[in-house]
Amino acid sequence: MKNEELADIFNEIADLMEIQGEQPFRIASYRKVARILEELTEDVETLLADGRLAKIPGIGKGSLERIEEYLKTGKISTHQELVKKVPKGLLKLTKVPGLGPKTIALLWKEMDITDIGQLRKAINSGMIEKLPGMGAKKVEKISKGIDFVIRSSGRIPLGIALPIAEELITQIKKIAGVKKAEIAGSLRRRAETIGDIDILTEASDGQKVLEKFTKFRQVREVLASGSTKASVRIQDNIQVDVRVIPAESFGAAWQYFTGSKAHNVRLRKIAIEKKLKLNEYGLFENEKQIAGANEEEIYHKLSLPYIPPELREDRGEIENADKLPTLIDRKDIKGDLHMHTTASDGHNSPEEMIRACIERGYEYMCITDHSKSSAIAGGLDETRLRKHIAAVRKLAEKYKNEIAVLIGSEVDILADGQLDYDDGLLAELDFVIASVHSALSQPADKITKRVLKVMENPYVRLIGHPTGRLLAQREASAIDVAKIIKQAKDTDTWLELNSSWQRLDLKDVHLRLAKQEGVKICICTDAHSIDQLDYIQYGIYTARRGWLEKEDVINTLSRKKFMELVKQRKR
DNA sequence: GCCGTTTTCGGCCCGACTGTTTTCAGTCG
């Protein structure tokens with residue numbers, strides 16, 4: 001799929017145009033198209049071929065031509081021309097916080113600075129302070145920005161950021177005078193990765209609260225601290241912004257700082273159509289505030305229902321406001337069907353895992369250790385698996401009044417598309433997950449066919465972590481998810497939403513596509529220890545971002561219904 | 001660049017903060 005490549009080029013065009021000082025609205029158009037391309041769940045080539053691409057709002061005639069040009073020639077002439085005019089190193093400069101397109105253009109035109117190295121030199125020599133609009137403080141800010149870009153590893157996974165933010169909230173709430181402290185930003189939307197942590201507070205003496213906050217033990221560097229806002233950096237270069245908001249505006253500010261930007265733009269447009277004005281202080285009719293203390297009020301005054309943060313991405317939540325899904329909740333999950341034990345590479349015994357699942361209130365669970373080819377993960381050969389089956393069945397009997405314990409396996413899909421055990425052995429298991437763990441870099445058609453084939457196997461119930469991505473570590477495989485979804489429907493195979501925060505696989509837009517196609521999702525943790533069973537929360541958040549309801553998720557079924565289903569053969 | 005029965009031209013979301021300035025530009029969210 002060329003979707004990502006195209007999105008990158010459109011973003012790059014926008015960056016280059018900004019440096020060139022092009023019209024902001026043209027630039028915004030390119031960024032919008034880039035975002036659309038990123039979020040497509042189908043191959044852009046297919047969508048172009050059958051005319052659906054042209055129907056997507058935001059993609060006009062010009063973008064369509066450019067996309068077509070890229071698919072035909074591998075290049076976009078608009079992009080090539082810009083690249084010729086603007087030195088390549090300048091693109092990296094756009095990543096420096098505090099350095100915007102205007103300043104980059106100034107540095108380039110006045111001092112011939114075209115990359116970070118030259119900028120650093122110019123700062124050290126004191127030369128750039130002589131430029132118009134440049135002072136000691138601005139230079140210092142840029143200098144720190146360069147340090148940040150060089151050290152920074154990019155975006156922070158949800159599973160790292162959320163516990164840190166929750167701890168900060170606990171500490172902030174202990175400061176005298178703090179009435180409220182809430183997470184905002186992409187973290188509140190439970191995006192899979194986040195840029196920084198945004199926290200809003202309501203307090204009697206804002207300045208004092210912010211001063212105390214900047215002295216927290218976690219704080220490594222204070223970037224700014226005023227009467228309404230403080231910015232700091234904590235471990236791993238994570239930036240935390242805390243704002244103090246008056247009570248009458250708290251809802252408006254929470255809405256505003258939760259975003260997404262695209263969602264907020266839509267809301268403000270609706271406000272304008274109603275002759276109102278929406279900003280972070282409230283919703284205003286002329287000069288009079290008509291909503292602001294809470295979020296619900298704002299949505300209602302805009303003739304919208306309350307929209308859950310996970311949906312606020314401008315992915316149809318405004319157009320479909322009258323038929324928003326009743327999003328799945330953690331309490332809907334009745335069992336976890338993917339976990340490892342000491343039999344392969346897990347840290348806890350089967351019995352420990354069973355007790356932990358009982359503690360979590362589950363009605364059923366499945367133990368799924370690795371198959372023989374996953375040698376590094378201690379995969380079980382046929383003999384060891386048969387012993388393991390017997391051992392787990394014994395435990396299942398022991399705990400049957402508290403929980404239904406199934407014995408399954410996470411069976412490798414080998415590079416040639418064969419499964420790691422023969423059908424005879426698969427038939428002895430209650431539940432089979434098939435997963436790709438090797439040859440992840442196969443070309444799209446090969447890796448797709450490999451998975452399509454095993455889905456025809458009557459014992460394969462679930463495809464584990466279908467794209468194989470590891471957030472911030474490994475790209476998704478080239479697998480064609482749309483085809484996998486279609487095959488899942490045709491073969492009555494379920495697809496996993498792997499809840500490990502390193503995976504979150506399938507991701508939100510894929511889940512939404514699966515839902516539209518009527519394919520059932522299984523939200524599992526792939527836990528390798530008792531603690532990791534709680535990763536289920538990240539799966540739930542991602543499911544909500546994918547618009548999933550209880551009915552779309554197989555492991556929301558009661559024990560009775562689930563057991564009946566799993567006893568039947570597929571199809 | 002995109003869009004549209006109020007428009008095929010003329011709009012396109014909004015405000016704070018910072019640092020540099022003497023009234024505002026640049027950056028950010």
Side-chain angles (χ1 to χ4, degrees), chain A residues 10 13-14 17-19 21-36 54-67 76 78-79 82 93-107 128-142 144-145 148 184-189 194-200 210 223-231 239-245 249 252-274 276-284 302 312 314 318:
Chain A
F10 271 72
I13 291 174
M17 286 171 75
E18 262 187 328
I19 296 169
E22 289 270 6
Q23 291 173 35
F25 292 111
R26 290 182 65 199
I27 294 162
S29 292
Y30 277 102
R31 292 219 190 278
K32 187 171 185 186
V33 174
R35 188 180 150 254
I36 292 168
K55 293 204 178 91
I56 299 174
I59 298 189
K61 200 164 154 261
S63 298
L64 216 54
E65 275 170 16
R66 283 170 186 83
I67 290 168
I76 296 176
T78 315
H79 177 241
L82 282 163
L93 289 181
T94 62
K95 304 284 181 285
V96 177
L99 200 54
K102 294 277 160 58
T103 313
I104 292 173
L106 181 77
L107 292 167
I128 73 167
E129 261 186 64
K130 297 193 171 61
L131 288 175
M134 282 287 175
K137 283 195 172 171
K138 218 166 179 178
V139 173
E140 173 62 17
K141 196 177 179 187
I142 293 169
K144 281 192 171 170
F148 174 74
S186 53
L187 187 53
R188 182 166 176 234
R189 303 199 310 277
I194 60 135
D196 56 20
I197 296 174
D198 291 301
I199 293 174
L200 302 189
L210 294 176
L223 301 170
S225 182
S227 60
T228 62
K229 186 193 160 185
S231 278
Q239 184 173 330
V240 184
D241 294 342
V242 175
R243 289 181 170 80
V244 183
I245 312 289
S249 295
W254 205 15
Q255 194 290 313
Y256 180 83
F257 287 108
T258 296
S260 66
K261 197 174 172 178
H263 176 86
N264 287 356
V265 167
R266 294 294 304 271
L267 288 198
R268 285 197 287 271
K269 271 188 187 164
I270 293 173
I272 289 166
E273 281 160 19
K274 291 181 179 294
L276 304 172
K277 187 175 74 171
L278 177 64
N279 58 31
E280 62 256 54
Y281 299 104
L283 186 63
F284 296 87
L302 293 174
R312 300 182 194 170
D314 189 23
I318 309 277

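First the proteins, then the strands, lettered A, B, ... as listed; each starts at 1.
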Exercise. When all nucleic acid strands are considered with a 4.0 Å heavy-atom cut-off, which category describes Pro97(A): base, sugar-phosphate, or nothing?
Worked result: sugar-phosphate

Problem set entry | Test salt bridge (charged side-chain N to carboxylate O under 4.0 Å, His left out) applied to Lys144(A) - qualifying residues, sequence neighbours left out | Glu221(A)

For this session: May I ask you to verify if any side-chain N or O of Thr228(A) is less than 4.0 angstrom from the OP1 or OP2 atom of dA16(B)?
Result: no

Problem set entry | C1' spacing across the pair dC2(B) / dT7(B), given as an integer number of angstrom | 14 Å

Exercise. Sequence neighbours excluded, which residues qualify as salt bridge (charged side-chain N to carboxylate O under 4.0 Å, His left out) partners of Glu280(A)?
Worked result: none

Exercise. So what does Ala136(A) touch, heavy atoms closer than 4.0 Å: a base, only the sugar-phosphate, or nothing?
Worked result: sugar-phosphate

For this session: Looking at every strand, decide which applies to Leu99(A) at a 4.0 Å heavy-atom threshold: base, sugar-phosphate, or nothing.
Result: sugar-phosphate

For this session: List in chain and number order the residues that pass side-chain contact (heavy atoms from CB on, under 4.5 Å) with Lys102(A), two or more places apart in sequence or in another chain; answer none if no residue qualifies.
Result: none

For this session: Please round to the nearest 0.5 Å and tell me the distance separating atom CG of Leu302(A) and atom CG of Leu276(A).
Result: 7.0 Å

Problem set entry | Steps toward side chain to side chain contact (heavy atoms under 4.5 Å, CB included) verdict (Arg189(A), Ile194(A)) | CA-CA 10 Å; Arg189(A) 303 199 310 277; Ile194(A) 60 135; over 6 Å; no

Exercise. In whole angstrom, what separates Ile142(A)'s CD1 from dG19(B)'s C1'?
Worked result: 11 Å

Problem set entry | Member of Thr103(A), Ile142(A), Leu99(A) meeting the side-chain contact (heavy atoms from CB on, under 4.5 Å) criterion with Leu93(A) | Leu99(A)

Exercise. What distance, rounded to whole Å, do you find between the two C1' atoms, one in dT5(B) and one in dG1(B)?
Worked result: 23 Å

Exercise. Quantified in whole Å, what is the P atom distance between nucleotide dC14(B) and nucleotide dC9(B)?
Worked result: 25 Å

For this session: Taking atom P in both dC13(B) and dC17(B), compute the distance separating them and give it to the nearest angstrom.
Result: 23 Å

Exercise. Just checking Lys141(A): base, sugar-phosphate only, or nothing, at a heavy-atom cut-off of under 4.0 Å?
Worked result: nothing

List the atom pairs, donor and acceptor, that lie under 3.5 Å between side-chain atoms in residues 57-66 of chain A and the rest of the protein, sequence neighbours left out.
from	atom 1	to	atom 2	distance (Å)
Arg66(A)	NE	Tyr30(A)	OH	3.2
Arg66(A)	NE	Thr78(A)	OG1	2.9
Arg66(A)	NH1	Gly62(A)	O	2.9

Which side-chain N or O atoms in residues 130-140 of chain A pair as donor and acceptor under 3.5 Å with protein atoms at least two apart or in another chain?
none

Seminar exercise, completed: The side-chain contact (heavy atoms from CB on, under 4.5 Å) partners of Ser249(A) (sequence neighbours excluded) come to Ile245(A), Pro246(A), Tyr281(A), Gln289(A)

Exercise. In whole angstroms, how far is the C1' atom of dG15(B) from the CZ atom of Phe284(A)?
Worked result: 11 Å

Exercise. Rounded to whole angstrom units, what separation is found between the CD atom of Glu273(A) and the P atom of dC14(B)?
Worked result: 12 Å

Exercise. How far does the P atom of dT21(B) sit from the matching atom of dA16(B), given to the nearest Å?
Worked result: 24 Å

For this session: Write down the distance separating the C1' atoms in dT20(B) and dA25(B), rounded off to the nearest Å.
Result: 9 Å

Problem set entry | Nearest-nucleotide comparison on DNA chain B, the residue closer to the 5′ end among Tyr281(A) and Gly135(A) | Tyr281(A)

Taking N or O atoms only and anything under 3.5 Å, show me the protein contacts with nucleotides 22-26 of chain B, one pair per line.
from	atom 1	to	atom 2	distance (Å)
dG26(B)	O3'	Thr103(A)	OG1	3.2

Exercise. Considering Watson-Crick and G-U wobble pairs with both distances under 3.5 Å, what does dT8(B) pair with?
Worked result: none

For this session: Grab the CG-C1' distance between Asp241(A) and dG15(B) for me, whole Å please.
Result: 16 Å

Exercise. How long is the line joining CD of Gln255(A) and C1' of dG15(B), in whole Å?
Worked result: 14 Å

For this session: Mark up nucleotides 2-10 of chain B, 5' to 3', with B wherever a protein heavy atom is under 4.0 angstrom from a base atom, S wherever such an atom reaches only the sugar-phosphate, and - elsewhere.
Result: SS-------

Each nucleotide N or O in nucleotides 11-13 of chain B that has a protein N or O under 3.5 Å away: list the pair and distance.
from	atom 1	to	atom 2	distance (Å)
dC13(B)	O2	Arg268(A)	NE	2.4
dC13(B)	O2	Arg268(A)	NH2	2.0
dC13(B)	N3	Arg268(A)	NH2	3.2

For this session: Return the value, rounded to whole Å, for the distance between atom CG of Leu223(A) and atom C1' of dC28(B).
Result: 13 Å

Exercise. Considering residues at least two apart in sequence or located in another chain, which fulfil the side-chain contact (heavy atoms from CB on, under 4.5 Å) criterion with Asp241(A)?
Worked result: Asp196(A), Asp198(A), Lys229(A), Ser231(A), Gln239(A), Arg243(A)

Exercise. Val244(A): what forms a side-chain contact (heavy atoms from CB on, under 4.5 Å) with it, not counting sequence neighbours?
Worked result: Thr201(A), Ala203(A), Leu210(A)

Donor-acceptor pairs are to be reported for all side-chain atoms of residues 265-274 of chain A against protein atoms at under 3.5 Å, with residues two or more places apart or in another chain.
from	atom 1	to	atom 2	distance (Å)
Arg266(A)	NH1	Asp314(A)	OD1	3.0
Arg266(A)	NH1	Glu319(A)	OE2	3.1
Lys274(A)	NZ	Ser303(A)	OG	2.8

For this session: Answer syn or anti for dT7(B), where the cut-off is 90° from 0 on the glycosidic torsion.
Result: syn

Problem set entry | 5'-most by nearest nucleotide on DNA chain B - Asn279(A) or Lys137(A) | Asn279(A)

Problem set entry | Stepwise side chain to side chain contact (heavy atoms under 4.5 Å, CB included) test for Ile318(A) and His263(A) | CA-CA 8 Å; Ile318(A) 309 277; His263(A) 176 86; 3.9 Å; yes

Seminar exercise, completed: Atom CE of Met134(A) and atom P of dT21(B) are separated, to the nearest Å, by 11 Å

For this session: Grab the CD-P distance between Glu22(A) and dG1(B) for me, whole Å please.
Result: 8 Å

